[in-house]
2 protein chains.
Amino acid sequence: MTRKGGNPAPDQPVSIASVARRAGVSIATVSRVINGIANKASADTVAKVREAVAALDYRPSSAGQSLRQRKSRLVAVLAANMANPTMAAIAASVEVALREKDLVMVLCDTHDKPELQDEYLKEMRAQQARAIVLLGAVASPLLAALRGSTTPLIFVNRLDPGGGASPFVGIDNDAAGADMARHALSRGLVRPAIIHAPLTSSATRARVEAMARVYAEAGHPVPPERRLGPPLRDHLAIGHHAVRLLVEQGLSCDAYLCTGDLIAFGARKALVEARGDAGSAPFFGFDDNPLNDWVAPWLSSMRIPYAAYGEAIVDLILSENGEAPRQRILPHALVIRPAAGEG
Amino acid sequence: MTRKGGNPAPDQPVSIASVARRAGVSIATVSRVINGIANKASADTVAKVREAVAALDYRPSSAGQSLRQRKSRLVAVLAANMANPTMAAIAASVEVALREKDLVMVLCDTHDKPELQDEYLKEMRAQQARAIVLLGAVASPLLAALRGSTTPLIFVNRLDPGGGASPFVGIDNDAAGADMARHALSRGLVRPAIIHAPLTSSATRARVEAMARVYAEAGHPVPPERRLGPPLRDHLAIGHHAVRLLVEQGLSCDAYLCTGDLIAFGARKALVEARGDAGSAPFFGFDDNPLNDWVAPWLSSMRIPYAAYGEAIVDLILSENGEAPRQRILPHALVIRPAAGEG
DNA sequence: AAGTAAAGGGAAAACGTTTTCCCTTGGCGT
DNA sequence: ACGCCAAGGGAAAACGTTTTCCCTTTACTT
């Protein structure tokens with residue numbers, strides 16, 4: 001209704017040439033006007049071009065642009081595991097931030113497998129992706145190779161497994177782990193179980209080490225049998241398995257420190273299954289998914305500002321002018337939920 | 001280590017021309033070998049080309065391909081709301097299925113807003129997307145225009161708001177709603193509350209109508225005051241708000257039939273806040289997120305096979321040869337969880 | 001033995017941009 | 001008057017594919 005004629009242009013045969021024709025100018029001029037090149041078009045030329053663009057509902061073909069400029073508007077996000085709500089939250093945040101800058105998100109699930117990650121990296125090189133965001137990177141051959149290229153590589157949550165000081169967005173996992181342990185100690189919880197994901201993730205490693213360190217320094221070292229990290233991929237299974245082990249061995253704990261909320265979910269379920277109730281030892285997790293308030297009022301969790309990740313990541317992508325690769329460390333905060341009355 | 005020389009090719013200046021040069025054949029031949037055109041290359045030509053491709057780690061530029069073929073390998077997935085774990089689950093499933101067919105997923109969050117949806121549709125037209133998957137479509141001008149184009153449009157969960165019999169993947173929401181109501185009736189629950197999302201979604205509408213119909217036919221019509229659909233966007237808030245209203249009005253129910261799990265989460269929380277416990281009336285939801293088993297053992301839910309959606313969707317995209325636009329109706333199943341002992 | 005078909009392969013056009021040259025005006029300073 | 005510079009704008013190259021014509025050689029049919 002807002003446009004004059006019925007000019008929907010069925011399938012988009014509308015190229016820059018047609019715009020140029022309608023505006024009575026050259027292709028070059030249209031391109032310049034669209035891209036806002038100053039001093040290259042008079043006021044009425046600009047007006048004519050704009051009119052034609054609007055009338056034809058023209059939008060430059062991405063293929064043409066990519067080909068010419070040797071780079072696309074695509075930004076790849078390689079997530080280690082989309083089943084984890086955390087990844088979804090970050091992806092959502094990134095998407096919004098990218099949209100603002102007229103970039104487009106391509107989302108891939110690497111399932112934490114190096115081969116698959118490489119496959120995607122290859123694909124994204126073929127797509128001439130503007131940047132690649134790694135939500136939980138794993139070491140892989142192509143990743144190493146790509147580190148030398150001009151394509152910005154942004155590491156999120158987990159540091160670059162290659163070791164270099166690559167651009168990074170995340171929290172201070174050491175501080176966060178320490179904070180959690182100190183809080184537990186302050187509540188007199190001196191016999192915790194530490195249940196964690198595989199230590200291949202730098203984030204997990206830092207959290208676990210910080211907790212153990214703080215406990216050791218406080219004179220309550222956590223012995224190996226209370227440090228559990230089953231080599232499973234599924235966080236729920238990790239927690240479940242760990243607590244079952246704990247129960248079988250008759251080890252009692254006064255707190256469950258988990259490196260992820262999902263692990264805590266699994267842990268608690270195993271406990272309920274084993275004893276009929278969840279006991280009185282509080283559960284601690286990381287991530288603090290928004291749903292926790294609704295379905296896990298028993299879970300204290302380290303809140304990580306995932307909603308702010310998108311902006312930080314896109315910032316890092318665009319400020320590629322920067323020399324020293326910067327790290328964006330965002331604030332964390334422990335959200336305490338009363339382990340109290342659930343009945 | 002697996003390749004001979006140190007030939008990582010820093011930034012991908014490796015085009016089809018370089019492959020042709022190395023193999024000692026023409027560009028055309030390389031293209032044909034890569035695309036598997038039969039009867040156009042002798043055995044050793046093929047071998048030479050393959051060798052060169054492998055040695056140079058060549059992969060065709062997507063931009064070049066898209067430009068020439070006037071279509072890209074991108075498939076757009078427009079999700080109404082990525083914060084909903086359901087959407088994330090479907091997206092994950094689609095991604096896997098696409099990968100298998102060498103397609104790439106572009107994920108966009110329309111936030112259920114027509115303008116944003118149109119913005120994305122426009123972008124995807126510019127990208128010459130191979131297909132567009134609408135995870136909860138909303139009516140919008142460009143959507144109507146696109147329906148006439150050759151780009152496949154796949155509607156998921158919600159039917160095409162334009163009314164046409166467009167390709168669709170989802171469950172039989174009418175049957176599912178009826179099943180749920182019948183189950184509740186069979187348990188003697190005759191005073192249910194029906195709490196639902198905005199009825200702009202065809203899926204929600206069908207569920208609600210089926211429930212109401214079954215109850216009415218059984219001689220227990222559900223009066224308006226027990227049918228609640230606050231016009232909020234957030235499902236959690238919908239459920240919360242609805243139950244608060246119910247409580248304030250002193251209306252008692254013996255079951256909570258919610259059109260989504262998140263709504264049930266909100267509903268139960270409001271109930272706990274109001275009375276101190278969750279009462280004995282069972283909760284019912286739709287979607288049955290895998291996490292329910294871990295964090296919501298009190299919630300019965302209509303399981304929807306989201307993991308199977310990806311394959312069905314990709315099938316529909318590729319079988320565009322088909323004439324009669326097909327609908328893929330997947331099976332649903334009510335998962336009963338004992339509302340029993342939560343203490 | 002001639003004619004024909006098929007196999008194998010190359011040259012070049014086309015896809016839609018952006019950008020580098022180049023040309024033409026006017027206006028200005030000397 | 002002369003030279004210069006800036007503004008405004010066009011022609012054409014280049015980006016990397018796929019595909020349509022071609023052309024040559026070989027094998028097979030009559």
Side-chain angles (χ1 to χ4, degrees), chain A residues 9 11-50 52-53 56-74 102 123 125-130, chain B residues 9 11-50 52-53 56-74 102 123 125-130:
Chain A
D11 246 336
Q12 167 96 346
V14 43
S15 72
I16 197 174
S18 45
V19 175
R21 221 159 18 236
R22 187 184 222 269
V25 301
S26 78
I27 287 183
T29 298
V30 174
S31 176
R32 286 190 283 246
V33 168
I34 289 179
N35 295 331
I37 308 289
N39 289 346
K40 273 309 209 175
S42 68
D44 33 320
T45 302
V46 169
K48 276 189 300 183
V49 171
R50 287 211 200 295
V53 165
L56 297 173
D57 195 21
Y58 168 73
R59 180 138 177 172
S61 143
S62 304
Q65 292 184 308
S66 302
L67 190 55
R68 172 64 219 228
Q69 319 181 135
R70 327 177 102 246
K71 71 177 171 185
S72 73
R73 297 212 319 285
L74 265 37
D102 237 320
E123 171 69 31
R125 202 176 45 176
Q127 297 276 359
Q128 289 165 118
R130 179 75 60 93
Chain B
D11 245 334
Q12 166 95 344
V14 43
S15 71
I16 197 175
S18 45
V19 176
R21 225 164 9 242
R22 187 184 220 272
V25 300
S26 77
I27 288 183
T29 299
V30 174
S31 176
R32 286 190 283 245
V33 168
I34 289 179
N35 295 332
I37 308 289
N39 289 345
K40 273 309 210 175
S42 68
D44 33 319
T45 303
V46 169
K48 277 189 300 184
V49 171
R50 287 211 200 294
V53 166
L56 297 172
D57 196 21
Y58 168 72
R59 180 139 177 172
S61 143
S62 303
Q65 292 184 309
S66 302
L67 189 55
R68 171 64 220 229
Q69 320 182 132
R70 328 180 100 242
K71 70 176 171 186
S72 73
R73 297 213 318 285
L74 265 36
D102 238 319
E123 171 70 32
R125 202 176 46 177
Q127 297 275 358
Q128 288 166 116
R130 181 74 60 92

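Every chain is numbered from 1, with letters handed out A, B, ... down the list of sequences.
Residue contacts for A:Ala28: at a heavy-atom cut-off of 4.0 Å it reaches a base atom on one of the strands shown. Counting any heavy atom pair closer than 4.0 Å across all strands shown, B:Thr45 reaches sugar-phosphate atoms only and no base atom. A:Ile37 comes within 4.0 angstrom of nothing in the nucleic acid, heavy atoms only. A:Ser42 comes within 4.0 angstrom of the backbone, heavy atoms only, and of no base.
Using a 4.5 Å heavy-atom threshold, the side chains of B:Ser61 and A:Gln128 count as touching. Counting heavy atoms from C-beta outward, A:Gln127 and B:Arg73 have side chains that approach closer than 4.5 Å. With contacts defined as side-chain heavy-atom distances shorter than 4.5 Å, the pair B:Arg59/B:Val53 does not qualify.
Separating the CZ atom of A:Arg70 from the C1' atom of C:dG16 is a distance of 16 Å, rounded to the nearest angstrom. In this structure, B:Ile16 places its CD1 atom 12 Å from C1' of D:dT19, rounding to the nearest Å. As rounded to whole Å, 9 Å separates atom C1' of C:dC15 from atom CD of B:Gln128. In this structure, B:Leu67 places its CG atom 11 Å from P of D:dT18, rounding to the nearest Å. When the P atom of D:dG16 is taken as reference, atom CD of A:Gln69 falls 13 Å away, rounded to whole Å. When rounded to the nearest whole Å, the span between NZ of B:Lys48 and C1' of C:dG9 equals 11 Å. Rounded to whole Å, atom P of C:dT19 lies 7 Å from atom CG of A:Asn35. The nearest whole Å value for the distance from the CD1 atom in A:Ile27 to the P atom in D:dA13 is 14 Å.
Look at B:Gln65 and you'll find a side-chain N or O under 4.0 angstrom from OP1 or OP2 of D:dT18. Using a 4.0 Å cut-off, no side-chain N or O of B:Ser61 falls inside it from OP1 or OP2 of D:dG16. The side chain of A:Asn39 contributes no N or O atom lying less than 4.0 Å from OP1 or OP2 of D:dA6. At D:dG9, none of the side-chain N or O atoms of A:Thr29 fall inside 4.0 Å of OP1 or OP2 (strictly under the cut-off).
Under the 4.0 Å criterion applied to side-chain N and carboxylate O atoms, B:Arg50 and B:Asp44 are not assigned as salt-bridge partners.
Comparing atom distances between the A:Ser15 side chain and each of C:dG16, D:dG16, D:dT18 picks out C:dG16 as nearest. Closest to the A:Arg32 side chain, of the nucleotides C:dT17, D:dT19, C:dT19, is C:dT19. Out of D:dT17, C:dT19, C:dG8, the shortest distance to the side chain of B:Lys40 is found at C:dG8.
Among A:Ile34, A:Val30, A:Ile27, A:Val25, the one residue that satisfies the side chain to side chain contact (heavy atoms under 4.5 Å, CB included) test with A:Val19 is A:Val30.
For C:dG16, its base never sits under 3.5 Å from the side chain of B:Arg68 at any donor and acceptor pair.
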